[in-house]
Every structure is written in C-alpha cells, then in structure tokens.
Number of protein chains: 2
Amino acid sequence: MEIQVLKKIKQQGNRLTKPRKLISEIFTKVKYPLTAQEIQSLLKNENINIDLTSVYRTINLLVSAGLIDKIDWGDGRKRYEIVRSEKHHHHLVCDNCGTVENIVFKDEQWLIDRIKKKIKFQIKRHSLEFFGLCQKCH
Amino acid sequence: MEIQVLKKIKQQGNRLTKPRKLISEIFTKVKYPLTAQEIQSLLKNENINIDLTSVYRTINLLVSAGLIDKIDWGDGRKRYEIVRSEKHHHHLVCDNCGTVENIVFKDEQWLIDRIKKKIKFQIKRHSLEFFGLCQKCH
DNA sequence: CTCTATGCAAATAATTTGCAAGCAC
DNA sequence: GTGCTTGCAAATTATTTGCATAGAG
C-alpha cells in the first residue's frame, strides 16, 4: 500500500523526497482523518522535524494525485485520509471524546446510483459524516 | 417564518436589535448556505453596514437557538442556512459555477433509523453534501 | 436607568506565498 | 549540474476576543 503511494508520486513526475516519504508513511499507518498539525506532531514524536509548510504542500500533492481524500468535520480544520479503494467508508465522530469509528454501507453505491439517475446534476464526490456519542460516552 | 425566528430570539432572553433582525431576515430570504462575509455583503447591497464581528456573533446566537444549521463544504469557510423543519434537504454544489441545488431523500429517515439500529454509536447529527457539475456546466 | 449588544481594534488560528538554499535525479 | 523542493519568514484569510460606548427594555 505504502509502496503504491510512493510509486504514484514518482509516476506523476514528482521527486521522492524525505518529507513526502514520511508523510505518506503516516497516512498509511494512521486510519483516521488527520490535520496538517497532527501530521507534523506525529512526525515530531519520532524526532522528525518537517516544516508545516511542507506538510501542507505534500497534502496538496497527495490530493492532486488522488491518493488522499479531504474529510471535513466543520470545525475549521481540514483533515485528510488515505484512499483505500477496498474500503469506502464514512466516519462516526464522537462529540465528547473525539474518537472516530468507521462505518461502511452495503447499499451505498446502489443508493448513489439511484440518486444519479433521478437528477440532472453530475455527482462527482459526496461527503457523509456522522456526529454524536460513542458507546463509552453515552 | 421570519417572525418565528425573531420570537425565538426574544424567548431565549436576547434583545431584538437591528443587526439581529436584519441578519435573521437575510436567512429567511436566501435559500442557500451563507458565509459571514456573504451576509455582510448582502446587507451592504441594501446600504446597511453591519460589522463582521456582529455577523459572527449573531450567527452563533442563531446556531445556539437552533434556528440555523452549519453547512460545511470543506473550503475553509463556515456556511449557515435557516432550519426549515418541513424541508430537511441536502445540497448539490457545482464545482464550476458554485450554484446550489437542494435535494430531498424520501427514504432518508428510514435509512438513518436503520443505521442507528445496527450500531452502538448514538448519532445526533449527520452531514451529507454532494459536489460535481450542474446541468449548465456539464 | 440598567445591562446587554455593537463597533472597532487587536489577537488568534489555519493556510498560503515568496525566496534563497538544499537535495533528488 | 539543473531545477524541483524545502524551510523560514511574511502575507493572507477566517474567526474570536477585549473594551468603551450605544441602545433595547
């Protein structure tokens, strides 16, 4: 998986630099949406210092390459998550403790296809996020 | 509709000031999600000058009162739209021209209820937005 | 008249841009 | 070696906060 990301960066004519490798690795390891700051902190925990600017620039590169998806929770920070083609999922975000669970809908594609047939609008992306309380915080 | 909003502002012990009346009126008139800046501009078009700070503060008041909903399109700006209980809907946002169409799902509540039964997570809110190209921009 | 709400200025936060120096190829 | 990338500083954009004054009740 990780190797695929690095391969794709090169394929698109971009250089494989240390920040790009390290940030890609973070995305392959962490399974919930990350902000630029969180990526920088995770790297700092491993004693790696990458400038925030480079984090932002790498994020933009990975988005353009279609390797990560933007996830928005409406709190003024942009979050990004690796694209795992096998597992298109959505998130259950706990208002209290902030933990994130993933949720997969069996009929989602069927539903989207049905919507597409009904409307004249050409849907390219959609965003579906759930907020509430996780089991622990009930 | 507009009167209901003003009534509710007072009911909650808040004063009915000019900025609050004018901003509530904008929300009742405009049927797509607005940013703070857009609200200020719309008022400026009518030769009314309201400080951006007051727009933000009024937005927060209306959100707390449950009169407007936050809509997030992941572009770094928060948008707000009046709550119309009769018409729970989602948006089709055109990537090209920015126009917004509303979309209503007949089975949405049924779907949400079914999800709720399957999971241990207590869903309170959800956000569902579609992006793509409108009929004109195809 | 009292106390909340406003406007203005300044602070904070997230993200972007310009540019000289570093490093991938 | 060449030119894309990085790090640092500064700029930009969105939003929030402090405070004196205006105005709703």
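On a predicted model such as this, the values are computed, not experimentally measured, just so you know. Proteins get letters first, then strands, A, B, ... in listed order; numbering begins at 1 in each.
Atom CD in A:Q37 sits roughly 5 Å away from atom P in C:dA14 (whole-Å rounding). Protein atom NZ of A:K18 is 13 Å distant from nucleotide atom C1' of D:dT5, rounded to whole Å. Atom P of nucleotide D:dA24 and atom NZ of B:K10 are separated by 11 Å, given to the nearest angstrom. Rounding to whole angstrom units, CG of residue A:N49 and C1' of D:dG7 are separated by 11 Å. At whole-Å resolution of the value, CG in B:L52 and P in C:dA11 are 18 Å apart. One can place CG of A:L22 at 15 Å from C1' of C:dC23, the figure rounded to the nearest angstrom. Atom NZ of B:K21 and atom C1' of D:dG23 are 12 Å apart (whole Å). If you measure from atom CD1 of A:I48 to atom C1' of D:dG7, you get 16 Å, rounded to the nearest angstrom.
Summary of the strand contacts: B:T17 and A:D51 both lie near DNA chain D, and taking for each the nucleotide with the nearest heavy atom, the more 5' one is attributed to A:D51.
Of the listed nucleotides (C:dG7, D:dG7, C:dT15), C:dT15 has the atom at the smallest distance from the side chain of A:Y56. Relative to the side chain of A:R15, the nucleotides D:dG18, D:dC8, D:dT2 differ in distance, and D:dT2 lies closest. Listed nucleotides: D:dG25, C:dC25, C:dT6. Nearest to the side chain of B:L16: D:dG25.
If you chain together hydrophobic residues whose side chains sit under 4.5 Å apart, B:F130 and A:W73 never meet in one group. Connection of B:I103 to A:F121 is established within a shared hydrophobic cluster, with ILVMFWY side chains joined at heavy-atom distances below 4.5 Å, either directly or through further cluster members.
More than 12 non-hydrogen atoms from other residues, nucleotides or ligands lie less than 6.0 angstrom from NZ of B:K31. More than 12 heavy atoms of other residues, nucleotides or ligands shown are found within 6.0 angstrom of NZ on A:K70.
Among the atoms of the strands shown, base atoms are found under 4.0 Å from some heavy atom of B:T53. Across all strands, A:R20 comes closer than 4.0 Å only to sugar-phosphate atoms, never to a base (heavy-atom distances).
A donor-acceptor pair under 3.5 Å is formed between the side chain of B:H90 and the backbone N or O of B:L128. A:H138 places a side-chain N or O within donor-acceptor distance of the main-chain N or O of B:K120, the cut-off being under 3.5 Å.
A salt bridge between A:R125 and A:D69 is absent, with no side-chain N of the basic residue lying under 4.0 Å from a carboxylate O of the acidic one.
At a non-hydrogen distance threshold of 4.0 Å, A:G76, A:R77, A:K78 from residues 63-78 of chain A come into contact with DNA chain C.
Between A:S54 and the phosphate of D:dG7, there is a side-chain N or O to OP1/OP2 separation shorter than 4.0 Å. The side chain of A:N14 contributes no N or O atom lying less than 4.0 Å from OP1 or OP2 of D:dC4.
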